[in-house]
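Structure first, commentary second.
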Amino acid sequence: MTNRQVNTTGNVRIDGLLSGVKWGEGEAGSATEISYSFPAGTAYWGYSKESDAGWYGLSSTQRLSFEAALQGWADVSGITFTRIEDGVTYGDIRIAYSYAVPDDNSGYAYLPGSGLIDDAGMVTPDDEAGDIWLHSSVADLAVGGYGFHTLSHEIGHALGLKHSFEVEGAFPALPGAEDNWGYTVMSYTDSTAAGYTYKILDDGHYTANVVIPVTPMLYDIQAIQHLYGANSETRADDTTYTPGSRAELMTIWDSGGNDTIDLSAQLIGARLDMNAGTFSDIGQRQMVFEAPLVAAVNNIAIAFEVEIENAVGSQFDDNLLGNALANTLTGGLGNDQLDGGAGEDTAVFTGNSTDYTFRQDGASLIAMGGDGVDTLLNIEQFSFDDMTIPLADLLITGSDPAKAVPTSPAEVVFTPAEGDTAYFLLEISEPLTTVASVSYTTRDGTALAGKDYVAASGTATLQPGQTFFAIGVTLLDDTVTESNEYFQLAISSPVGGDFLNGAVELVAQRIIIDNDGLS
């Protein structure tokens, strides 16, 4: 195969991992087919260093692990890996053990750029290009272990990625804070984002191993997709992701569908950021032997360009942050924080609309009900078991929880004081099966709009199943001693029903009690 040199992009997340060459003649971003094979026995080698030192092939179980590691890279990129038999012909990538690998090294791989390069930047690779050699000590290649991580790392090299901490020509190193496994498997620096695993030994001692990435990570995916394009078939249908309760170190690549991250299996509250290119805190990690499990920090990422539409929280206190899509956020039990971000977002509750009360708290809404006390921001719709209500029609009590919206005529205060909220309760005897509405507007009496109260007008909507709707009018406070005053609220233009006795307008009155000395 003829390979091609690639240029820098100006994006350090990508350039910090590129070696400057890719497989295939196509421009950067072109899908490519790469062959691989497993040498064994008397396999031919076109170079001598590793074979002369003594070598041997992978077992059948180890081969399966290698193919699983290849698949991890194929899932996120436009690479198609094809196995061919190793004999007279052999793959672009070959893997074996060699005693030439130094004892302080788990393995190494040759980049696809080793070979003759012409003036047009086309590479005729040497025979060793893409080959991977492992140290004999790395025998356990099971998924999730250090040996499997070694495979992922060396395959990255074989595909054209360099170490994240090295500078090669015009290609820089990653910034130090990002040179770790949380961002890339091409680093030598581990990440404690998902904590450690501990194992008791026969002599009573224990070993501690940091949790290892189980996928190519955030920057790996961006860099490999720059070289070979993205895989548009990986999880292209509706997909639900259910992270385990023990913290993992991974990055989600999803190419389409209407997708959900479901945290209901978690044993601790989580912070989920649904925006592409961000990290979330999901699961429990262990940092010290016999210490309690604590929340993970920045351990699961969503790859760049990935769109996740929905989130389901745990039974604990979660923080769910939406993206620019129309997100559906289900906080579940616990005192959750739900921020829909941009887009037309829906918060889902597990009871009927009448089971919840809402009050304003600055820019946020506080929802109180059987699910807990949730803080909501940038939510446009509220879904209950019995109905879905848009924000404009949601019953909101106001900023002071002590000043609750009345829920029956008996709770209406007909003589509110200056500075309070005057409420007018619209009530029907039986719930309707369709939406009904009326127009309303305030009218001056002895109390004047702008001086004694804030003028209000609009449409009050009664949802199916509701029997009342409260309209609040803010009363202004002053320091002037004066007589009690009154104003009115008129309702008209009923839709979905009629006023009794053919009336076209109903009027109610409130007396404002002066709080400055007179009664």
Side-chain angles (χ1 to χ4, degrees), residues 13 29-34 64-82 143-144 148-149 151-152 155-156 159 182-185 194 212-266 270 272-283 296 298-314 320-330 341 343 345:
R13 297 188 300 254
S30 301
T32 305
E33 182 175 340
I34 300 174
L64 291 175
S65 294
F66 179 73
E67 290 179 326
L70 285 179
Q71 189 61 49
W73 288 100
D75 283 344
V76 302
S77 71
I79 300 172
T80 300
F81 291 105
T82 302
V143 175
F148 188 81
H149 172 72
L151 293 179
S152 296
I155 290 171
L159 298 177
Y183 291 90
T184 173
V185 298
I212 291 171
V214 295
T215 67
M217 295 303 288
L218 184 63
Y219 291 178
D220 301 319
I221 295 174
Q222 193 175 29
I224 207 70
Q225 289 180 349
H226 170 73
L227 293 180
Y228 302 106
N231 189 329
S232 60
E233 297 181 359
T234 299
R235 292 176 286 277
D237 297 328
D238 298 350
T239 304
T240 297
Y241 297 89
T242 55
S245 61
R246 288 301 297 264
E248 302 169 283
L249 197 58
M250 62 178 292
T251 298
I252 294 173
W253 167 253
D254 187 286
S255 63
N258 189 289
D259 307 304
T260 302
I261 296 179
D262 185 347
L263 305 177
S264 57
Q266 295 303 306
L272 171 61
D273 189 335
M274 299 167 65
N275 289 280
T278 63
F279 288 87
S280 297
D281 311 332
I282 300 175
N298 291 336
N299 63 307
I300 294 183
I302 297 175
F304 292 99
E305 308 300 328
V306 168
E307 296 182 341
I308 302 293
E309 288 79 10
N310 315 304
V312 177
S314 71
L320 308 182
L321 175 60
N323 49 40
L325 304 174
N327 302 132
T328 297
L329 306 179
T330 305
D345 306 302

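- Side-chain atoms of Ser280 never come within 3.5 Å of backbone atoms of Thr278 as a donor-acceptor pair (strictly under, hydrogens ignored).
- Every side chain to side chain contact (heavy atoms under 4.5 Å, CB included) that Ile212 has, sequence neighbours left out, goes to Tyr146, His149, Trp181.
- In this structure, CD1 on Ile79 lies 8.0 Å from CG on Leu227, to the nearest 0.5 angstrom.
- Rounded to the nearest 0.5 angstrom, Gln266 CD and Thr242 OG1 are separated by 9.0 Å.
- Taking every heavy atom of both residues into account, Ala324 and Asn275 meet most closely at N-OD1, 4.5 Å.
- The nearest pair of heavy atoms linking Asp273 to Phe279 is CB-O, 3.9 Å.
- Under a 3.5 Å cut-off, the side chain of Gln225 and the backbone N or O of Val76 do form a donor-acceptor pair.
- The backbone N or O of Asn231 lies less than 3.5 Å from no partner atom in the side chain of Asp75, so there is not a single donor-acceptor pair.
- At a cut-off of 3.5 Å, with distance as the only test, no side-chain donor of Thr260 or Asp262 sits close to an acceptor on the other residue.
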Before giving the answer on side-chain contact (heavy atoms from CB on, under 4.5 Å), spell out for Ile300 and Ile252 the whole-Å C-alpha distance, their side-chain angles and the decisive distance to 0.1 Å. CA-CA 8 Å; Ile300 294 183; Ile252 294 173; 4.2 Å; yes
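- When all heavy atoms of Glu33 and Thr82 are compared, the closest pair comes out as OE2-OG1, 2.9 Å.
- Asn323 places a side-chain N or O within donor-acceptor distance of the main-chain N or O of Leu325, the cut-off being under 3.5 Å.
- Formation of a donor-acceptor pair under 3.5 Å by the Trp73 side chain with backbone atoms of Leu159 is not found in this model.
- Note that the CZ atom of Phe81 and the CD atom of Glu67 stand 11.0 Å from one another [nearest 0.5 Å].
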Could you walk me through whether Phe66 and Ile155 pass the side-chain contact (heavy atoms from CB on, under 4.5 Å) check? CA-CA 9 Å; Phe66 179 73; Ile155 290 171; 3.7 Å; yes
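- Listed for the Asn310 side chain is no donor-acceptor partner under 3.5 Å among the backbone atoms of Asn258.
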Name the atoms and distances for all side-chain donor-acceptor pairs under 3.5 Å in residues 243-251, with sequence neighbours left out.
residue	atom	partner	partner atom	Å
Thr251	OG1	Leu218	N	3.1

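- Remark: the Thr184 side chain and the Asp220 side chain contain an N/O donor-acceptor pair separated by less than 3.5 Å.
- Residues passing the ring-ring contact (aromatic ring centres under 6.0 Å, His included) test with Phe304, sequence neighbours excluded: none.
- Under the 4.5 Å side-chain criterion, counting only non-hydrogen atoms from C-beta, Leu151 is in contact with Ser65.
- In this structure, Thr239 contributes its side chain and Asp237 its backbone to a donor-acceptor pair below 3.5 Å.
- Results of the side chain to side chain contact (heavy atoms under 4.5 Å, CB included) test with Leu320 over Leu263, Thr330, Asn327 single out Leu263 as the only residue that passes.
- Nearest heavy-atom pair, Arg235 versus Trp253, reported as atom, atom and distance to 0.1 Å: NH2-O, 2.8 Å.
- No donor-acceptor pair under 3.5 Å is formed between the side chain of Asp254 and the backbone N or O of Val306.
- Within the model, atoms OG of Ser77 and CD1 of Ile34 stand 8.0 Å from one another, a figure rounded to the nearest 0.5 Å.
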Assess whether side-chain contact (heavy atoms from CB on, under 4.5 Å) is satisfied between Leu272 and Ile282, documenting all intermediate values. CA-CA 7 Å; Leu272 171 61; Ile282 300 175; 4.2 Å; yes
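- Panel note: side chain Asp281, backbone Ala270; no donor-acceptor pair is recorded below 3.5 Å.
- In terms of heavy-atom proximity, Tyr183 sits nearest to Met217 at O-CB, 3.3 Å.
- Here the side chain of Ser255 pairs a donor or acceptor atom with the backbone of Thr234 at under 3.5 angstrom.
- Taken to the nearest 0.5 Å, the CD1 atom of Ile308 stands 7.0 Å off from the CE atom of Met274.
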